[in-house]
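So the structure is just underneath, and the comments pick up after that.
Owing to the predicted nature of the structure, the values given are computational and were not obtained by experimental measurement. What's counted below: heavy atoms across the whole structure, side chains too, no hydrogens, waters or symmetry copies. For ligands, and for the atoms within them, numbers begin at 1 and follow the listed sequence.
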Amino acid sequence: MEASQPIGIFDSGTGGLTVAKAVSNLLPNEQIVYFGDTAHLPYGDKSTATIQAYAIKITDILLQQNCKVILIACNSASAAAYDLIKEYAGSKAKVINVIDPAVEHIIATNGMKKVGLIGTLQTVNSGAFDRKLKGKVREFGSLATPLLVPMIEEGFVRNSISRDVIDKYLSDETLKGIDSLILGCTHYPIIKDEISQYYDGSVDIIDSAETVALSLKNYLEESNLMNLSTPNRNRFLVSDITKGFENAANLFFGEEIKLEKYPLWE
Ligand code: DGL
């Protein structure tokens with residue numbers, strides 16, 4: 001592997017651009033090749049086998065793009081397909097998922113406290129976080145919050161609707177008395193402030209986009225793979241394109257970007 005190779009980042013759609021943004025902020029010298037599987041989203045309510053099939057195809061595309069790292073920005077795909085992708089990529093690229101850095105952060109900073117998780121049905125039902133945190137925290141409670149993704153995509157943020165939905169979910173018994181809350185979904189950084197407000201700042205909110213960006217930086221430093229030359233321009237590939245996806249992409253990346261259509265299967 002060489003430092004000048006790009007970082008591949010993939011997600012079920014444009015939500016993973018919150019992760020791409022965190023990476024671009026922290027590592028401005030890296031070229032990003034992003035792949036959003038907009039033709040097949042959402043992944044959050046799909047079966048493990050279906051997500052694995054899409055994830056392998058996307059990994060193939062990112063390897064063809066010569067990526068040195070494949071970062072699975074999607075929590076649902078990280079839960080369903082990380083081991084498989086790691087095996088598939090072999091020594092061609094380092095594979096990083098979005099779950100492990102959040103778990104490591106919790107273990108390093110929170111010790112034996114009560115930790116909560118919110119995410120899609122796939123992420124929560126997979127038990128991926130539970131297994132990794134078992135015995136490392138005092139208590140763990142997870143809640144699938146499937147309404148949050150469409151709510152955010154519809155632009156219902158910072159208003160009475162988002163407040164009501166967030167209140168309803170976060171007041172669930174499962175999350176009572178938590179000290180930390182993992183935002184286990186690409187979309188949730190957009191409502192991080194509202195979630196923080198719900199807890200009045202008394203709960204540590206773990207933004208997995210930020211923790212995975214930091215983990216990537218550490219890996220590149222340790223492996224001498226930091227790009228020190230001027231990077232090529234970032235590319236944003238999507239398997240389907242509409243005006244709606246373009247608008248969502250700008251929202252999640254926080255600035256205007258150009259999407260390129262790249263079908264998963266020709
Ligand atoms: N990217 C997904 C995740 O982080 C959320 C959207 C979806 O369900 O596809 O779990």
Side-chain angles (χ1 to χ4, degrees), residues 8-23 34-55 57-59 62 70-82 85 95-103 116-130 132 142-157 162 165-166 169 181-192 195 205-213 215 236-240 242 244-245 247-249 251-253 259 264:
I9 301 180
F10 86 82
D11 178 47
S12 55
T14 50
L17 287 164
T18 55
V19 175
K21 186 62 184 179
V23 168
Y34 181 89
F35 193 98
D37 192 8
T38 43
H40 301 113
L41 65 80
Y43 279 7
D45 51 13
K46 295 218 164 46
S47 70
T48 299
T50 296
I51 298 172
Q52 286 179 339
Y54 295 148
K57 188 67 188 123
I58 297 167
T59 301
L62 294 176
I70 293 176
L71 193 170
I72 314 171
C74 180
N75 288 260
S76 307
S78 292
Y82 171 60
I85 294 173
V95 180
I96 296 180
N97 69 66
V98 78
I99 295 175
D100 287 334
V103 166
L117 163 75
I118 51 173
T120 64
L121 284 161
Q122 163 64 226
T123 299
V124 169
N125 291 342
S126 73
F129 278 95
D130 320 33
K132 290 171 198 273
S142 60
L143 183 74
T145 48
L147 208 54
L148 294 182
V149 164
M151 181 191 88
I152 294 165
E153 290 193 345
E154 280 301 314
F156 289 111
V157 293
S162 62
V165 175
I166 290 169
Y169 277 140
L181 180 70
I182 304 169
L183 305 185
C185 177
T186 45
H187 289 52
Y188 302 172
I190 302 290
I191 53 167
K192 187 178 172 183
I195 292 176
I205 312 293
I206 294 150
D207 179 340
S208 42
E210 282 171 10
T211 49
V212 78
S215 166
F236 301 96
L237 314 177
V238 284
S239 50
D240 191 18
T242 62
F245 290 140
N247 293 339
L251 166 79
F252 291 122
F253 200 67
L259 300 181
L264 208 50

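Of the options I85, L237, V19, a side chain to side chain contact (heavy atoms under 4.5 Å, CB included) to F10 is made by I85 and by none of the others.
In this structure a side-chain-to-backbone donor-acceptor pair under 3.5 Å is missing from Y82 to I72. Checking side-chain atoms of Q122 against main-chain N and O of A77 turns up no donor-acceptor pair under 3.5 Å.
Y188 is linked by a side chain to side chain donor-acceptor pair (under 3.5 Å) to T145, counting only residues two or more places apart in sequence or in another chain. Every residue two or more places apart in sequence or in another chain that forms a side chain to side chain donor-acceptor pair (under 3.5 Å) with D37 is listed here: H40, Y43, S239.
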Atom pairs and distances, side-chain donor-acceptor, residues 95-102, under 3.5 Å, sequence neighbours left out:
from : atom 1 : to   : atom 2 : distance (Å)
N97  : OD1    : I99  : N      : 2.7
N97  : OD1    : D100 : N      : 2.8
N97  : ND2    : D100 : OD2    : 2.9
D100 : OD1    : K132 : NZ     : 2.8

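The residues lining ligand 1, counting any heavy atom closer than 4.0 Å, are D11, S12, P42, Y43, G44, C74, N75, S76, T120, C185, T186, H187.
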